[in-house]
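Below: the structure, in structure tokens.
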2 protein chains.
Amino acid sequence: MSLDLRVDRSSPVPLYFQLAQQLEAAIEHGVLTPGSLLGNEIELAARLGLSRPTVRQAIQSLVDKGLLVRRRGVGTQVVHSQVKRPLELSSLYDDLEAAGQRPATRVLVNTVVAASPEVAVALGVPEGSDVHRVERLRLAHGEPMAYLCNFLPPGLLDLNTDQLEATGLYRMMRAAGITLHSARQSIGARAATADEAERLGEPEGAPLLTMQRTTFDDTGRPVEYGTHTYRPSRYSFEFQLLVRS
Amino acid sequence: MSLDLRVDRSSPVPLYFQLAQQLEAAIEHGVLTPGSLLGNEIELAARLGLSRPTVRQAIQSLVDKGLLVRRRGVGTQVVHSQVKRPLELSSLYDDLEAAGQRPATRVLVNTVVAASPEVAVALGVPEGSDVHRVERLRLAHGEPMAYLCNFLPPGLLDLNTDQLEATGLYRMMRAAGITLHSARQSIGARAATADEAERLGEPEGAPLLTMQRTTFDDTGRPVEYGTHTYRPSRYSFEFQLLVRS
DNA sequence: GTAGTCCGATTGTCCGGACATACGCATTGA
DNA sequence: TCAATGCGTATGTCCGGACAATCGGACTAC
């Protein structure tokens, strides 16, 4: 069966984007089988009544996602593998919700403190200046899963405790008009201290998975610094990487 | 000082790539300061004797790298933050070498075994069929740092022990004409077993950082499955993420 | 004084075409 | 039989232009 592709020129959605979505859906649903050729760009453009640059833009976006591979002189193939999603700046809350875990959050601390040297460097604020401090316990199925400690620069966000318990921090930021751009992460492990052990319901000295992250908006301004600890029996970091060529 | 940009039309290097490299170098060296506007595309194209699409292609590649941000109606700005490099499919060997650690490898096992169910699934081969098994100890400054256990499908690579000790597995793959495309990773933590503890010179029960990875080439074929354990006091995963918009 | 409107600037999208380059295959030659 | 050559095909690069959408500031009207 041949692919039935159409574009709606009256739609405000860009044509290349419409095409990319349809191709992605076709791959997702197995209409375009792995390894199959996509047909050459010229002919595809003619069939859709589009120009070749537009078709190329659509294809390129899927190549960037790792769904397609181009080979000069050969054609464009559907990569046949279990590509699910490349690594993205993910929110634990969204991750859990997507996994159907119905996450719950308990806000332990929501206050303003003086920035420690470490926090001051991460957020680019003077040492000792005011920063928000939020400590949360994230639960899934009633079991503690992670302990999240975040610092935010002042005046960026209205840190309403109820909202923090109802949704994730990243969602609140996006809703406040902050466009997240990049993050620097560090993932490690260490033995739990007595405090950490108690908070997470683990024995003292148990291995913990740790993550530190500083998030930047599109102006390069730090908008969040966090130190998280996870129970390794309940959580691990899973992601897909693409080789940038 | 204004930027002096030039392109060499006689070079086989694509024009957009030449421009992108020069812009990246200018940002790297601080000639283009963070937050500064890049000047509009039309004028830039005219100044260089290039067409606008070519200039846009160069700029876009830097936007994809997270170095620039475009704002419609405003212009293109240099993102002012400590963007170093986005996460890439990295080799521990290369990481260590880049950090000036002079990595050493000791090959403990290099043999052919029957695929266990777990390995068979990961590599997409029949259970019990032949696969290569390589166990290595990675050292830095003479201290054990990680224990690497890898499985490879048969006939893919000549697994010479001397080469394995002199370089990294990924380098050998690339040299063999395999184009790495993507990988699925999982990072977690757990307590060291007696065997693991002895191998890495840690006490039994010490927290270990673990990573499992399946790597695929551009046809989607699995080319490597590995289970690695790291000493968390010596190693952590550090990387930069970009929000794909 | 404040809010709404207009307008210039800049990027976003799209077109149609041209030539270059690399891959795979069939043909040719030793 | 096997290696070198040539050709078709497909993507890679590049051009020059056109119009749309959006942002920010200036201007205007209330």
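Just so it is clear: chains get the letters A, B, ... in the order the sequence lines come, proteins before strands, and each one is counted from 1.
Rounded to a whole Å, the CG atom of Asn40(B) is 5 Å from the P atom of dT10(C). Whole-Å rounding puts the Asp218(A) CG to dC23(D) P distance at 12 Å. dG12(D) atom C1' lies 5 Å from atom CZ of Arg72(A), rounded to whole Å. To the nearest angstrom, C1' of dT11(D) lies 13 Å from CD of Gln77(A). Rounded to an integer number of Å, the gap from Gln18(A) CD to dT13(C) C1' is 12 Å. Following rounding to the nearest Å, Arg70(B) (CZ) and dC23(D) (P) show an atom-to-atom distance of 15 Å. As rounded to whole Å, 17 Å separates atom P of dT13(C) from atom CZ of Arg56(A). Look at CG on Leu37(B): it is 14 Å from P on dA9(C), rounded to the nearest Å.
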For nucleotides 24-27 of chain D, print each protein N/O atom paired with a nucleotide N/O atom at under 3.5 Å, atom names and distance only.
none

Tabulated below should be each protein N or O lying under 3.5 Å from an N or O of nucleotides 14-18 of chain C; please produce it.
from: dC14(C); atom 1: OP1; to: Leu15(A); atom 2: N; distance (Å): 2.3
from: dC14(C); atom 1: OP2; to: Leu15(A); atom 2: N; distance (Å): 3.3
from: dC14(C); atom 1: OP2; to: Tyr16(A); atom 2: N; distance (Å): 3.3
from: dC15(C); atom 1: OP1; to: Arg9(A); atom 2: NH2; distance (Å): 2.7
from: dC15(C); atom 1: OP2; to: Ser51(A); atom 2: N; distance (Å): 3.0
from: dC15(C); atom 1: OP2; to: Ser51(A); atom 2: OG; distance (Å): 2.9
from: dC15(C); atom 1: OP2; to: Thr54(A); atom 2: OG1; distance (Å): 2.5
from: dA18(C); atom 1: N6; to: Arg52(A); atom 2: NH1; distance (Å): 3.4

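Annotation: side chain to side chain donor-acceptor pair (under 3.5 Å) contacts of Ser51(B) (sequence neighbours excluded): Thr54(B). The side-chain contact (heavy atoms from CB on, under 4.5 Å) search around Pro14(B) returns Tyr16(B), Phe17(B), not counting sequence neighbours. Listed by chain and residue number, Lys65(B) satisfy the side chain to side chain donor-acceptor pair (under 3.5 Å) test with Glu24(B) (two or more places apart in sequence, or in another chain). For Asp162(B), the side chain to side chain donor-acceptor pair (under 3.5 Å) criterion is met by no residue, not counting sequence neighbours. Under the side chain to side chain donor-acceptor pair (under 3.5 Å) criterion, Asn110(B) pairs with Thr161(B), sequence neighbours left out. For Val112(B), the side-chain contact (heavy atoms from CB on, under 4.5 Å) partners two or more places apart in sequence, or in a different chain, are Asp130(B), His132(B).
Contact between the side-chain N/O atoms of Thr76(A) and the OP1/OP2 oxygens of dT11(D) is found at a separation under 4.0 Å.
Judged as a side-chain hydrogen bond (donor to acceptor under 3.5 Å, both in side chains), the pairs with a partner in residues 31-46 of chain B (not counting sequence neighbours) are, in order, Glu41(B)-Arg52(B), Glu41(B)-Arg56(B), Glu41(B)-Arg70(B).
Salt bridge status for Arg136(B) with Glu165(B): absent, with no side-chain N to carboxylate O gap under 4.0 Å.
Here the side chains of Val78(A) and Leu68(A) are in contact, with some heavy-atom distance below 4.5 Å.
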